[in-house]
Amino acid sequence: MNSRELFEKALAARENAYTPYSGFKVGAALLTEDGKIYTGVNVENASYGAAICAERTAFVKAVSEGYRSFSAIAIAGGKDGGEMEECWPCGICRQFMYEFSPDLDVTTGSCADKLVTKKLSELLPEGFTLQNE
């Protein structure tokens, strides 16, 4: 699966985001090493700290199904009813994903024709793992 197809899956998933507070909807599509796709959306909560990002939602779904190896994730985000924009993972998501796949390809963009891909290790240099102790 190429990054454009993965981004389009993230864009479709984004429609299910629950964002009554920020109105900023994010969808993610996570590709396992063997080609399975897990999607996720951001889910907000009145207790802001209880919210979860789309990237972690996708990872939690995949990990709960037994997957531990991932090759790529695409992220689509923007204000509800507004223009799409590049939507890079937050710091918590970067660390969460690093646990499983430091070399993960991370793709985002303002549309399927304007995508940017970076390695997770570029977005989180010197990420923390238990091997760092």
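These numbers were taken from a predicted model, which means no experiment stands behind them. All values below were derived from every heavy atom in this structure, side-chain atoms included, with hydrogens, water molecules and symmetry-related copies excluded.
- Summarising the geometry of Tyr21 relative to Asn45, their closest heavy-atom pair is CE1-C, 3.6 Å, with the distance given to 0.1 Å.
- In this structure, the side chain of Lys119 engages the main chain of Asp103 through a donor-acceptor pair within 3.5 Å.
- Residue Glu122 holds its CD atom at 10.5 Å from CZ of Arg94, rounded to the nearest 0.5 Å.
- Contact check for Tyr67 versus Leu30: no side-chain heavy atoms found under the 4.5 Å cut-off.
- With hydrogens and angles left out, the side-chain atoms of Thr32 and Asp34 include a donor and acceptor closer than 3.5 Å.
- Contact detail for Phe24 and Cys87: the closest heavy-atom pair is CE2-SG, 3.8 Å.
- In this structure, the side chains of Leu123 and Pro89 come closer than 4.5 Å at one or more pairs of heavy atoms.
- Taken to the nearest 0.5 Å, the CG atom of Leu31 stands 11.5 Å off from the OG atom of Ser69.
- Separating the OG atom in Ser101 from the CD1 atom in Ile73 is a distance of 9.5 Å, to the nearest 0.5 Å.
- Phe59 has its ring centre less than 6.0 Å from the ring centre of Phe70.
- Scanning all heavy atoms of the two residues, the minimum distance from Lys9 to Ala29 falls at CB-CB, 3.9 Å.
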In residues 12-20, what donor-acceptor pairs under 3.5 Å come from side-chain atoms, sequence neighbours left out?
unit_1: Arg14; atom_1: NE; unit_2: Lys25; atom_2: O; d: 2.9
unit_1: Arg14; atom_1: NH2; unit_2: Gly78; atom_2: O; d: 2.7
unit_1: Arg14; atom_1: NH2; unit_2: Lys79; atom_2: O; d: 3.4

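- Between Leu11 and Met84 the shortest side-chain heavy-atom distance falls below 4.5 Å.
- Under the 3.5 Å distance criterion, the side-chain polar atoms of Thr108 are left unmatched by any main-chain donor or acceptor of Trp88.
- Note: Ile92 CD1 to Cys53 SG = 7.0 Å, rounded to the nearest 0.5 Å.
- Salt-bridge formation is detected for the pair Arg4/Glu8: a Lys NZ or Arg NE/NH1/NH2 atom is positioned less than 4.0 Å from an Asp or Glu carboxylate oxygen.
- Nearest heavy atoms, Ala74 versus Ala10: O-CB, 3.4 Å.
- The two residues Leu104 and Ala72 come nearest to each other via the heavy atoms CD1-N, 3.3 Å.
- Atoms CD1 and CG, on Ile75 and Leu115 in that order, are 11.5 Å from each other to the nearest 0.5 Å.
- For the atom pair OG (Ser22) and CG (Asp80), the distance works out to 9.5 Å, reported to the nearest 0.5 Å.
- Ile37 and Val63 fall into different hydrophobic clusters, where Ile, Leu, Val, Met, Phe, Trp and Tyr are joined by side-chain heavy atoms under 4.5 Å apart, directly or via other members.
- In this structure, Met97 is a member of the same hydrophobic cluster as Tyr38, with clusters built from ILVMFWY side-chain heavy atoms closer than 4.5 Å.
- Leu120 is not connected to Phe7 by any chain of hydrophobic side-chain contacts under 4.5 Å among Ile, Leu, Val, Met, Phe, Trp and Tyr, and they are in different clusters.
- Considering all non-hydrogen atoms of both residues, Asn42 and Val26 come closest at OD1-N, 2.8 Å.
- Checking side-chain atoms of Arg56 against main-chain N and O of Phe96 turns up no donor-acceptor pair under 3.5 Å.
- Counting heavy atoms of neighbouring residues, nucleotides and ligands inside a 6.0 Å radius, atom NZ of Lys114 does not exceed 12 of them.
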